[in-house]
There are 2 protein chains.
Amino acid sequence: MWHIEPEKGPIYAQIAAEVKRMLARGELRPGEKLPSARALAEEARVNPNTVVHAYAELEREGITETRRGLGTFVREDVDVEAIRRRELEAAARGYLRAVLALGLGPDAAAKVLSEVSVDAG
Amino acid sequence: MWHIEPEKGPIYAQIAAEVKRMLARGELRPGEKLPSARALAEEARVNPNTVVHAYAELEREGITETRRGLGTFVREDVDVEAIRRRELEAAARGYLRAVLALGLGPDAAAKVLSEVSVDAG
DNA sequence: CCGAGTGTACTATAACGCTAGTACACTATG
DNA sequence: CATAGTGTACTAGCGTTATAGTACACTCGG
């Protein structure tokens, strides 16, 4: 679950993104407690400071709240659907931008998308 | 043309990617000379060393060749279509992976793609 | 031969992300 | 009160990326 790829950008950002994805998938719900910074750091083989950084980022975005001595929790009032939509559209825009930058159009974007698979190759 | 966004990953990687995109779009052809490191550095408001780094990366990938005292050139034998295809599929796979990570399927990926536009929002 | 343009090779500095380690404050539970 | 679990706040060091500056080697054209 908490597997980190050091090659793909800042670790703290990956952790924050994974939390958002878990919310979008329903594996994490409003009000639920996230793993403690120390626990998640150990599980993901990462420095506790890095997890703290990730949690701070999530709090900055209004997704979590931190209760000193208690832990970090998903806020009760998060709009999960909005988060999913936002992440989804950001990914789609990024893809579309990349395709246009290659001099091709939305049609090509859709076509290639239907042809690829996620595994290597 | 050579506008760099410091927020989006290593500058040298952005420069290398832009060269590949120009190849894919036909704005740069096999045998053509790239701007000198110093010239491109000035135009992109970037350090010459950074451009050298980018060109070295392109050479490592077999896309360019460097002739000392002359400049850096696109190799005559580059397969432009292969580069375009590779970049395109990499983008598509990245998008698809992101959508699947959100707990949705290829159908949703296609649907959202058809709805978004590249400009903000 | 000379000069301009080019790539190459260094040194040094700085910011950022990450790691490592330590100490302290707060909360709940026994 | 004592303890365990938690968040918070530091200091220090490392590697990568980028900047700045300098010097040198090569190629071409005049």
Side-chain angles (χ1 to χ4, degrees), chain A residues 2-20 22 28-76 78, chain B residues 2-20 22 28-76 78:
Chain A
W2 289 104
H3 182 55
I4 295 298
E5 303 282 350
E7 305 296 308
K8 299 186 177 175
I11 295 175
Y12 77 89
Q14 292 182 54
I15 294 175
E18 179 62 20
V19 169
K20 291 180 208 168
M22 289 178 72
L28 198 58
R29 301 184 193 191
E32 268 191 57
K33 182 179 176 301
L34 297 178
S36 81
R38 287 176 177 84
L40 177 49
E42 186 171 7
E43 184 175 357
R45 321 268 303 187
V46 150
N47 194 279
N49 294 337
T50 305
V51 179
V52 169
H53 191 166
Y55 283 3
E57 171 67 15
L58 288 167
E59 187 160 28
R60 196 188 63 76
E61 294 181 35
I63 295 177
T64 63
E65 64 187 334
T66 278
R67 297 203 277 268
R68 189 184 179 106
L70 291 178
T72 298
F73 302 79
V74 179
R75 286 178 55 162
E76 291 283 1
V78 286
Chain B
W2 289 105
H3 182 56
I4 294 298
E5 303 281 350
E7 305 296 306
K8 299 186 176 175
I11 296 175
Y12 76 90
Q14 290 182 56
I15 294 175
E18 180 62 22
V19 170
K20 292 181 207 167
M22 289 177 72
L28 199 58
R29 301 185 195 191
E32 268 191 57
K33 183 178 176 303
L34 297 178
S36 81
R38 287 175 177 84
L40 176 49
E42 185 171 7
E43 184 175 359
R45 322 268 302 187
V46 148
N47 193 279
N49 294 337
T50 305
V51 179
V52 169
H53 191 166
Y55 283 4
E57 171 68 15
L58 287 167
E59 188 159 28
R60 197 188 62 76
E61 295 181 34
I63 294 176
T64 63
E65 64 186 333
T66 277
R67 297 204 276 270
R68 188 185 181 105
L70 291 179
T72 298
F73 301 79
V74 179
R75 285 178 55 162
E76 291 283 2
V78 287

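The figures that follow rest on heavy atoms only: side chains count, while hydrogens, waters and symmetry mates do not. Residue numbers start from 1 in every chain, and the chains themselves are labelled A, B, ... in the order their sequence lines are given, proteins ahead of strands.
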When you compare the protein's N or O atoms with those of nucleotides 25-30 of chain C, which come within less than 3.5 Å of each other, and at what distance?
unit_1: dA25(C); atom_1: O4'; unit_2: Arg68(A); atom_2: NH2; d: 3.0
unit_1: dC26(C); atom_1: O4'; unit_2: Arg68(A); atom_2: NE; d: 3.3

- Heavy atoms of chain B, cut-off under 4.0 Å: which first and last nucleotide of DNA chain D, 5' to 3', fall inside that, if you could look?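 On DNA chain D, the outermost contacted nucleotides are dT17(D) to dC28(D).
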
Between side-chain atoms of residues 29-42 of chain A and protein atoms elsewhere (two or more places apart, or another chain), which donor-acceptor pairs fall under 3.5 Å?
unit_1: Glu32(A); atom_1: OE2; unit_2: Arg29(A); atom_2: N; d: 3.2
unit_1: Ser36(A); atom_1: OG; unit_2: Ala39(A); atom_2: N; d: 3.0

- Query: Of Asn49(B) and Ala39(B), whose nearest nucleotide on DNA chain C comes first from the 5' end?
  - Reply: Ala39(B)

- side chain to side chain donor-acceptor pair (under 3.5 Å) filter on Thr72(B), not counting sequence neighbours, yields Thr66(B)

- Message: Quick check on the helix from dC1(C)-dG30(D) to dG30(C)-dC1(D): what's the angle between its two end axes, five base pairs per end, to the nearest 10°?
- Response: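 Taking the rotation axis at each end, their angle is 10°.
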
Just the table, please: protein N/O against nucleotides 13-18 of chain C N/O, every pair under 3.5 Å.
unit_1: dC18(C); atom_1: OP1; unit_2: Ile11(A); atom_2: N; d: 2.0

- Task: Return the set of residues passing side chain to side chain contact (heavy atoms under 4.5 Å, CB included) with Arg68(B) (not counting sequence neighbours), or none when no residue passes.
- Result: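 Expected list: none.
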
- Query: Who pairs with Asn49(A) by side chain to side chain contact (heavy atoms under 4.5 Å, CB included), at least two apart in sequence or on another chain?
  - Reply: Asn47(A)

- Rounded distance [0.5 Å steps], NE2 in His53(B) versus CD1 in Ile15(B):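 Output value for this atom pair is 10.0 Å.
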
- Heavy atoms only: give me the nearest Gly62(A)-Val78(A) pair and the separation to one decimal. O-CG1, 3.9 Å

- Sequence neighbours left out, what pairs pass salt bridge (charged side-chain N to carboxylate O under 4.0 Å, His left out) with at least one residue falling in residues 49-65 of chain B? Lys20(B)-Glu61(B), Glu57(B)-Arg60(B), Glu65(B)-Arg67(B)

- Query: Just how far, in rounded Å, is P of dG5(C) from NZ of Lys33(B)?
  - Reply: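 Those two atoms, NZ and P, are 12 Å apart.
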
- Between C1' of dA20(C) and CZ of Arg45(A), the distance in whole Å: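 Whole-Å distance recorded here is 15 Å.
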
